[in-house]
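The shown structure was predicted, so the numbers you read here are calculated from the model rather than taken from an experiment.
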Amino acid sequence: MIMRADIKRFPPPGSTCAVSAAADPCTIVIFGASGDLASRKIIPSLYRLYCRGLLPERFTVVGAARTPHTHSSFRALTHEAVMKFDPGDFDTSLCESFASRLFYRQVAYDNIEAMTALGAYLDGVELEAGYQGNRIFYCAVPPALYPVIIGGIGEAGLDAEARGWTRIVIEKPFGESLESARALTASLYRYFREDQVFRMDHYLGKETVQNILMFRFANAIYEPIWNRQYVDHVQITASETIGIEHRAGYYDRAGVVRDMFQNHMLQLLALVAMEPPARFEAEPVRDEKGKVMNSIRPFDPAAMGANWAFGQYARGIVGGESSRGYREERNVLPDSITPTFAAGVFHVDNWRWRGVPFLLRSGKRLSAQVTEIAVHFKAAPHFMFDRVMHDPIGPNVLVFRIQPDEGITQGFYAKMPGSRLCLQRVNMEFSYREMVGMTALDAYQRVLLDCMSGDRMLFVRQDSVELTWALLDPVIDIVGGMGLPELYASGSDGPESAKRLADKYGRSWRPLGNDHIMKGVQ
Ligand code: BG6
């Protein structure tokens, strides 16, 4: 049995923390437990939470999938998963005591008898563990199976809340268009209320993403200049060096707009652009995000080129190694026209942001792995140094580094020491790594925890889902009819058309990577 004193306490004493609701005892049922997502993310995250003493005293994890497993082979699988995907600080005895809470049931999701038997099984393990009810159904399966699992849960009566709460976690993508998202919602609403539905966007669980709201609304100094009067434009970048890895089946259908823009990118935009909610609670925060999405100017299908640029990666060199083109990836058709890069210019038509372009770009197999939000402020209204200095100075830029090297950089100008008048760009830096030397909760750990305590703030509400699909459906339609997007070499900064797009707006993209920040260049 685990000694609670063995568990490392988190966060450390001395932090100013929200009062967190103690999580109820609960059962986490992972559908698709023998799959990739469960072993890469969900199981290692639950294990980490356990090691940090953040899981409730009484909890049970029941893996449910079509693959045959015994409890012990499932436990061995999870042991392997933790060793492989989160090996740091591995503790055999903690892992064993965690594994003793894990059970497995083989089920066919569309077999009502099997699902009913799963319900009876859950009653049994919970009784043994000393609690009843409180269940999270986590759908870690391909999206096509969501309706099947939802139907199975509902028809077998597992959604009943007779002895405690019931929640369901749905991973992105939530639909692949407005219509399919609505159909998925309709199937959920047959058995669940909106407050039981936890739509996962793992970006919202990232520390640095959560920090956007803290930074904006806990520090009074930025809010007065957070508007069209002082902000010139905002750039949001999610650039990856990896390709599509083993996910051709999903990705080739989805493409970058569905994969990154409909969810992560627009969620980031909403956090930067939203008004302060009256209270830091799930519904007021999600209301404000919804208002931003409602204010984004719809794209004119007849003038898509004015707002968008697309690309697909070709062969090239990434990180010193030669890498194949998208059409040469396993299970991608040689004539695929799926875009792996997109850049879009968004306009938020409200009082605060009218006239401030939001430049968003995301792509795979680019030169650097970087996710950041850069708020470019307007230049000083009068440059009084122009008689003594020849070069113009650039604007101040505030950068939220979402990953890697999570932190915030505020660039400004300072006089270089010496008799000559020289201005130098310098940065004020905040780095999470150096903060208190603690490892933050990763995104999955955070959202799992929130789901257990019933906090929906970091989950996406139905209105956001519909608004984002409504905005992007026309873009996806147009890009589907455009043929092969411009090719860009793997390891480059993306297609030339993205550069031209920024030029059209009189702006230029920030270089990818953090080297320029280190060198004091913003
Ligand atoms: C996922 C996308 O949602 O996010 C992937 O499906 C992408 O294509 C991933 O690689 C990026 O997430 P992260 O946390 O690695 O930035």
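Under the 4.5 Å side-chain criterion, counting only non-hydrogen atoms from C-beta, D463 is not in contact with E466. When side chains are defined from C-beta on, Q403 counts as touching K206, because their heavy atoms get closer than 4.5 Å. Side-chain atoms of L484 and R327, non-hydrogen and from C-beta on, do get closer than 4.5 Å to each other. Put simply, the side chain of T208 does not reach to within 4.5 Å of the side chain of T371, judged on heavy atoms. For the pair E176/Q262, no side-chain contact is recorded, criterion being any heavy-atom separation below 4.5 Å from C-beta on. Here the side chains of L471 and L266 are in contact, with some heavy-atom distance below 4.5 Å. In this structure the side chain of E126 never reaches within 4.5 angstrom of the side chain of R163, judged on heavy atoms. Between Q132 and D123, the closest side-chain pair of non-hydrogen atoms is not below 4.5 Å.
Side-chain N or O atoms of N350 include one that pairs as donor or acceptor with a backbone N or O of W353 at under 3.5 Å. In this structure a side-chain-to-backbone donor-acceptor pair under 3.5 Å is present from N134 to W165. A distance-only check finds no donor-acceptor pair linking the side chain of N331 to the backbone of A248 [under 3.5 Å]. Between the side chain of D159 and the backbone N or O of F192, no donor-acceptor pair lies under 3.5 Å. Within the 3.5 Å criterion, the main-chain N or O of T241 finds a donor-acceptor partner in the side chain of Q369. Put simply, the side chain of T166 never gets that close to the backbone of E161: no donor and acceptor are under 3.5 Å apart. Q196 places a side-chain N or O within 3.5 Å of a backbone atom of R193 that can act as its donor or acceptor partner.
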- Candidate pair Y146 and S187, rule side chain to side chain donor-acceptor pair (under 3.5 Å), full reasoning: CA-CA 9 Å; Y146 293 162; S187 66; over 6 Å; no
- Item | Residue pair Y50, F59: steps toward the ring-ring contact (aromatic ring centres under 6.0 Å, His included) verdict | CA-CA 10 Å; Y50 180 69; F59 75 93; 5.7 Å; yes
- Audit row: T237, E372, side chain to side chain donor-acceptor pair (under 3.5 Å) steps and yes/no: CA-CA 5 Å; T237 299; E372 63 168 37; 4.6 Å; no
- Item | side chain to side chain donor-acceptor pair (under 3.5 Å) between Y251 and T340, worked out | CA-CA 9 Å; Y251 195 89; T340 59; 5.5 Å; no
- Stepwise side chain to side chain donor-acceptor pair (under 3.5 Å) check, D259 with Y250: CA-CA 9 Å; D259 186 47; Y250 151 74; 2.5 Å; yes
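No more than 12 heavy atoms of other residues, nucleotides or ligands sit less than 6.0 Å from atom CZ of R253. Within a 6.0 Å radius of NZ in K172, other residues, nucleotides and ligands contribute more than 12 heavy atoms. Remark: E128 CD is loosely packed, at most 12 non-hydrogen atoms of other residues, nucleotides or ligands lying under 6.0 Å away. Within 6.0 Å of CZ on R315 lie no more than 12 heavy atoms contributed by other residues, nucleotides or ligands.
Ion pairing of D450 with R446 is present here, as a side-chain N (NZ or NE/NH1/NH2) and a carboxylate O approach within less than 4.0 Å.
Checking V272, L268, V345 one by one against F358, the side-chain contact (heavy atoms from CB on, under 4.5 Å) holds for a single residue, V272. Among the candidates E288, E283, E194, the single residue satisfying the salt bridge (Lys or Arg N to Asp or Glu O under 4.0 Å) test with R461 is E283.
Of the inter-residue distances, the one linking S490 atom OG with Q312 atom CD reads 10.0 Å to the nearest 0.5 angstrom.
Side-chain contact check for E57 and Y131: no donor-acceptor pair (N or O, by modelled atom type) lies under 3.5 Å. For the residue pair S323 / R365, a side-chain donor-acceptor distance below 3.5 Å is found, with atom types taken as modelled. The closest side-chain donor-acceptor pair between T338 and D252 falls under 3.5 angstrom. Of the N and O atoms on the side chains of D493 and W509, not one donor lies less than 3.5 Å from an acceptor on the other residue.
Ring geometry for Y104 versus H69: interplanar angle over 60°, hence perpendicular rather than tilted (30 to 60°). The aromatic rings of Y203 and H264 sit parallel, their planes meeting at an angle under 30°, below the 60° perpendicular limit.
The cationic group of R199 lies under 6.0 Å from the six-membered ring centre of F174 and within 45° of the ring axis, placing it in a cation-pi geometry. R361 forms no cation-pi arrangement with F261, by the criterion of a distance under 6.0 Å to the ring centre and an angle within 45° of the ring axis.
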